[in-house]
Participant: 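Attaching a single structure in structure tokens format; questions to follow.
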Amino acid sequence: MKLEGVEIHHVSLPLVGPFRTSFGTQTTRDLLVLRVVTDVGEGWGECVTMPSPLYSAEYTEGAADVLRRFLVPALAGRSDLDGAAVLPALAAVKGHRMAKAALEMGVLDAELRAAGRSFARELGAVHDRVPCGVSVGIMDSIPELLDAVGGYLDEGYLRIKLKIEPGWDVEPVRAVRERFGDGVLLQVDANTAYTLGDAAQLARLDPFDLLLVEQPLEEEDVLGHADLAKLVRTPICLDESITSARDAAAAIRLGACSVVNVKPGRVGGYLEARRIHDVAAAHGVPVWCGGMLETGLGRAANVALAALPGFTLPGDTSASGRYYREDITEPFVLADGHLAVPQGPGLGVLPVPERLAVVTTRTEWVPG
Ligand code: OSB
Ligand code: MG
């Protein structure tokens with residue numbers, strides 16, 4: 001394959017409600033959609049950066065800049081391009097994994113569409129539907145939280161994840177357990193809001209039989225998580241700290257995590273995500289598919305990934321309606337707590353042109 005160019009769509013999609021985490025509140029989803037044009041046809045990529053560098057160092061305008069100035073030009077002129085060649089071809093550029101992942105996703109989609117092969121088939125999916133959880137933001141009050149959680153359980157979500165931060169941790173967990181019982185699969189995500197000095201507070205979550213606590217300490221503090229794991233009973237899951245299969249292997253060896261959240265954007269793409277799945281499986285460590293409030297494009301690929309055999313916990317692969325009143329693809333709809341794995345060529349979904357046009361604030365063409 002040869003890359004002819006990439007059309008970067010700057011997209012701003014209103015969320016159905018504000019989404020509050022320990023690092024900030026989102027009311028719209030501002031990300032990049034890439035139309036990757038090759039000599040065998042086009043493919044679609046999604047760059048899952050947030051607008052500000054608060055979840056990780058990347059941010060949306062920075063991703064557009066590195067794509068335009070360094071990443072797309074690094075693929076230019078090659079005649080042997082395919083999905084697997086993207087990450088190695090971009091290795092000289094440090095970091096910027098979400099931007100690299102978006103480009104890899106678009107090239108892989110073009111390749112697979114041309115070959116008539118699905119993401120699911122390519123990645124090694126073994127299920128035709130995946131169980132879904134939902135990530136519930138920090139709220140202003142406990143009653144408001146209980147209403148939200150009750151609504152999601154009524155819709156059929158099979159696992160609840162509560163966003164936590166100091167001052168919003170034990171009480172919301174206790175309230176959800178008291179109202180909805182011990183049968184609910186429940187976990188929490190701190191997005192780095194604690195320090196090792198908070199171990200005693202985090203240990204107060206022990207009695208609630210949580211599946212896991214996600215990323216309590218800062219991104220670079222892998223060793224701190226290993227220390228914390230000795231002080232709390234809740235299994236520790238890493239999100240922000242894991243940016244590659246090598247990181248995952250090291251964190252597992254150190255005892256820093258017993259579960260891994262796999263987010264393709266965070267780790268540089270779906271192929272590296274699959275390598276993390278493989279490393280974790282070799283260690284008997286369960287993984288689950290995280291989310292970055294993706295549109296239907298990223299969701300299609302995430303659901304394919306989540307259908308691999310080692311994804312044994314429900315993911316943050318919620319239905320389109322949990323995020324958007326109108327998605328840019330045909331919506332993903334929850335059925336019996338599951339989403340169907342797309343089976344068509346490539347992602348198996350396409351943006352609806354009029355929908356994409358409505359939410360696109362700017363496009364730019366970067367020649368290959
Ligand atoms: O830490 O998992 C996270 C959303 C944006 C950035 C980081 C995270 C999240 C979520 C939502 O928790 C997951 C989703 O439903 O897409
Ligand atoms: Mg997380």
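Read the numbers this way: they start at 1 and go in the same order the structure lists the ligands and their atoms.
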Participant: How far is atom 7 (C) of ligand 1 from the closest protein heavy atom, and which atom is that?
Facilitator: K263 NZ, 3.4 Å
Participant: Answer yes or no: are there more than 12 heavy-atom neighbours, outside R121 itself, under 6.0 Å from its atom CZ?
Facilitator: no
Participant: Would the distance check show the side chain of H96 and the main-chain N or O of A63 forming a donor-acceptor pair, the cut-off being under 3.5 Å?
Facilitator: no
Participant: Do V279 and H283 make a side-chain contact, defined as non-hydrogen atoms from C-beta onward lying under 4.5 Å apart?
Facilitator: yes
Participant: So with a 6.0 Å cut-off around OH of Y59, is the heavy-atom count from everything else above 12?
Facilitator: no
Participant: So which N/O/S atom does D239 have closest to the Mg ion (ligand 2)?
Facilitator: OD2
Participant: What do you reckon, is CD of E364 surrounded by more than 12 foreign heavy atoms closer than 6.0 Å?
Facilitator: yes
Participant: Return the closest protein heavy atom for atom 13 (C) of ligand 1 as residue, atom name and distance.
Facilitator: G291 O, 3.4 Å
Participant: Closer than 4.0 Å to some heavy atom of D239 - which atoms of ligand 1 meet that?
Facilitator: 1 (O), 2 (O), 3 (C)
Participant: Should you measure from each heavy atom of K161, which atoms of ligand 1 turn up under 4.0 Å away?
Facilitator: 2 (O), 3 (C), 12 (O)
Participant: Does K163 have a heavy atom less than 4.0 Å from any atom of ligand 1?
Facilitator: yes
Participant: Between D316 and the Mg ion (ligand 2), is there a contact where an N/O/S atom of the residue lies under 2.8 Å from the metal?
Facilitator: no
Participant: Would you please classify the geometry between the H9 ring and the W44 ring as parallel, tilted or perpendicular, with 30° and 60° separating the classes?
Facilitator: tilted
Participant: So that I can tick it off, tell me whether E46 and R29 are bridged by a salt bridge, with the cut-off set at under 4.0 angstrom between side-chain N and carboxylate O.
Facilitator: no
Participant: Check each atom of ligand 1 against the heavy atoms of D316 and keep those under 4.0 Å away; list them by number with element.
Facilitator: 12 (O), 13 (C), 14 (C), 15 (O), 16 (O)
Participant: Show your reasoning for whether salt bridge (Lys or Arg N to Asp or Glu O under 4.0 Å) applies to K161 and E214.
Facilitator: CA-CA 9 Å; K161 160 169 140 181; E214 185 179 340; 3.0 Å; yes
Participant: For atom 16 (O) of ligand 1, find the nearest protein heavy atom and state the residue, atom name and distance (0.1 Å precision).
Facilitator: L293 N, 2.8 Å
Participant: In terms of residue, atom name and distance, what is the protein heavy atom nearest to atom 6 (C) of ligand 1?
Facilitator: M292 SD, 3.5 Å
Participant: Below 4.0 angstrom, N of the basic side chain to O of the carboxylate: do D109 and R113 qualify?
Facilitator: yes
Participant: For T49 and L31, work out which heavy atoms get closest and say how close.
Facilitator: O-CB, 4.3 Å
Participant: Non-hydrogen atoms of Q215 versus ligand 1: any pair closer than 4.0 Å?
Facilitator: no
Participant: Is D169 salt-bridged to R204, cutoff N-O under 4.0 Å?
Facilitator: no
Participant: Check D189 against ligand 1 and report side chain, backbone, both or neither, counting heavy atoms closer than 4.0 Å.
Facilitator: side chain
Participant: Under 6.0 Å from the ring centre and within 45 degrees of the ring axis: does the NZ or CZ of R68 meet both conditions for the six-membered ring of W365?
Facilitator: no
Participant: To make sure I understand the geometry: which N, O or S atom in E214 is closest to the Mg ion (ligand 2)?
Facilitator: OE2
Participant: Could you tell me which atoms of ligand 1, counted from 1 in the order shown, lie closer than 4.0 angstrom to a heavy atom of Y55?
Facilitator: 1 (O), 7 (C)
Participant: Record the part of E214 in heavy-atom contact with ligand 1 below 4.0 Å; permitted values are side chain, backbone, both and neither.
Facilitator: side chain
Participant: Look at atom 4 (C) of ligand 1 and say which protein heavy atom is nearest, naming residue and atom and giving the distance to 0.1 Å.
Facilitator: F19 CE2, 3.7 Å
Participant: Can you tell me which residue and heavy atom of the protein come closest to atom 15 (O) of ligand 1, and the distance to 0.1 Å?
Facilitator: Y323 OH, 2.6 Å
Participant: Taking ring-ring contact (aromatic ring centres under 6.0 Å, His included) as the definition, give me every residue that meets it alongside Y270, ordered by chain and number, with sequence neighbours left out.
Facilitator: F119
Participant: The Mg ion (ligand 2) to D189: any N/O/S contact under 2.8 Å?
Facilitator: yes
Participant: Which option wins on minimum heavy-atom distance to atom 1 (O) of ligand 1: T49, N191, T21?
Facilitator: N191
Participant: Would you say ligand 1 has an N or O under 3.5 Å from any N or O of S135?
Facilitator: yes
Participant: Measuring from the heavy atoms of R322, does anything fall under 4.0 Å of ligand 1?
Facilitator: no
